[in-house]
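What follows is one structure encoded as structure tokens, with my remarks underneath.
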Amino acid sequence: MKSSKVRLDKLLGSLGYCGRKEVAALLREGIITHTENLPLKSDTKVAHDEILLSGEPLDPPSGMVILMHKPTGLICSHDEGEGRLVYDLLPPRWRMRDPKISTVGRLDKETSGLLLLTDDGTLLHRLTSPRHHVAKIYEATLDRALNGNEAEIFASGTLMLNGEKSPCLPAKLTVIDETHATLEITEGRYHQVRRMFAAVGNHVTALHRSSFGELTLGELKEGEYRIFNNNALNYL
Ligand code: URA
């Protein structure tokens with residue numbers, strides 16, 4: 001799809017490169033150029049793919065989805081005061097993008113694995129709505145040996161978590177060994193997996209999300225991410 005044309009200063013500002021006023025200086029210095037060497041001014045209407053910065057294509061336009069392999073120790077928050085953020089793994093200028101990039105739901109600080117981020121507000125709203133039931137698989141390491149009845153309890157659709165008004169939807173537990181299991185859930189309640197195991201008298205010591213719908217981490221290492229277009233998630 002051909003991107004629509006917007007003022008050059010607006011485009012670069014929305015991608016977080018620079019304030020509108022700095023564009024004129026970058027043009028004078030020859031840092032911003034047109035792919036076909038057409039003359040440019042701050043207010044020239046341009047398409048995203050016509051512009052080069054230091055000879056390189058621009059960052060992806062809005063409507064992007066980031067699939068990140070979140071390491072433990074990073075927080076899914078925009079609040080700088082809280083410690084290291086998942087946004088610290090992205091280029092610093094992306095903090096200035098408009099529309100803003102946000103995580104699709106959250107993983108706890110001590111949970112690793114597949115995290116989606118997007119600047120598409122409609123997609124974000126859809127994927128985080130309580131009515132949206134996409135399957136997510138978590139690998140849990142447990143403090144105590146499983147006692148054998150957890151799969152039935154989790155599958156029953158009757159498990160109540162403290163402070164909740166409705167029971168958890170049926171979830172699928174697959175036992176790996178006595179202290180390791182995968183749990184597939186279709187909701188995204190606060191600390192859900194840790195609280196589900198707590199509700200059956202266990203304690204999660206390590207948690208990793210390995211999939212979100214059909215998306216998996218593939219070869220991505222901790223701290224790495226890949227980017228795709230929001231249209232790629234239309235099926236979710
Ligand atoms: N459930 C949890 O307990 N923690 C997460 O980060 C995600 C699901």
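Both ligands and their constituent atoms are indexed starting at 1 by order of listing. The first residue in the sequence is number 1, and the count goes up from there.
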* Nitrogen or oxygen of R106 less than 3.5 angstrom from that of ligand 1 -> no
* **Contact atoms of ligand 1, heavy-atom distance to T111 under 4.0 Å** => 4 (N), 5 (C), 6 (O)
* Relative to ligand 1, is L207 under 4.0 angstrom through side chain, backbone, both or neither, heavy atoms considered? -> side chain
* Distance filter under 4.0 Å to Y138 heavy atoms, resulting ligand 1 atoms -> 7 (C), 8 (C)
* Asked: Should K41 and D9 be marked as a salt bridge (Lys or Arg N to Asp or Glu O under 4.0 Å) after you check the CA-CA gap, both sets of side-chain angles, and the distance that decides it?
  -> CA-CA 9 Å; K41 288 195 293 174; D9 51 6; over 6 Å; no
* Structure fact -> Of all protein heavy atoms, the one nearest atom 1 (N) of ligand 1 is V193 N, 3.1 Å
* Would you say ligand 1 has an N or O under 3.5 Å from any N or O of R194? -> yes
* To do: Would you indicate whether E219, at its atom CD, is surrounded by more than 12 heavy atoms from other residues, nucleotides or ligands within a distance under 6.0 Å?
  => no
* In terms of atom number and element, which parts of ligand 1 are under 4.0 angstrom from non-hydrogen atoms of D108? -> 2 (C), 3 (O), 4 (N), 5 (C), 6 (O)
* To do: Count the heavy atoms of every other residue, nucleotide or ligand shown that sit under 6.0 Å from CZ of R93, and state whether that count exceeds 12.
  => yes
* Asked: Y87 vs H78 aromatic rings, parallel, tilted or perpendicular, using cut-offs 30° and 60°?
  -> parallel
* Would you say D177's side chain and H180's backbone share a donor-acceptor pair under 3.5 angstrom? -> yes
* **Sidechain N-carboxylate O distance under 4.0 Å for E110, R194** => no
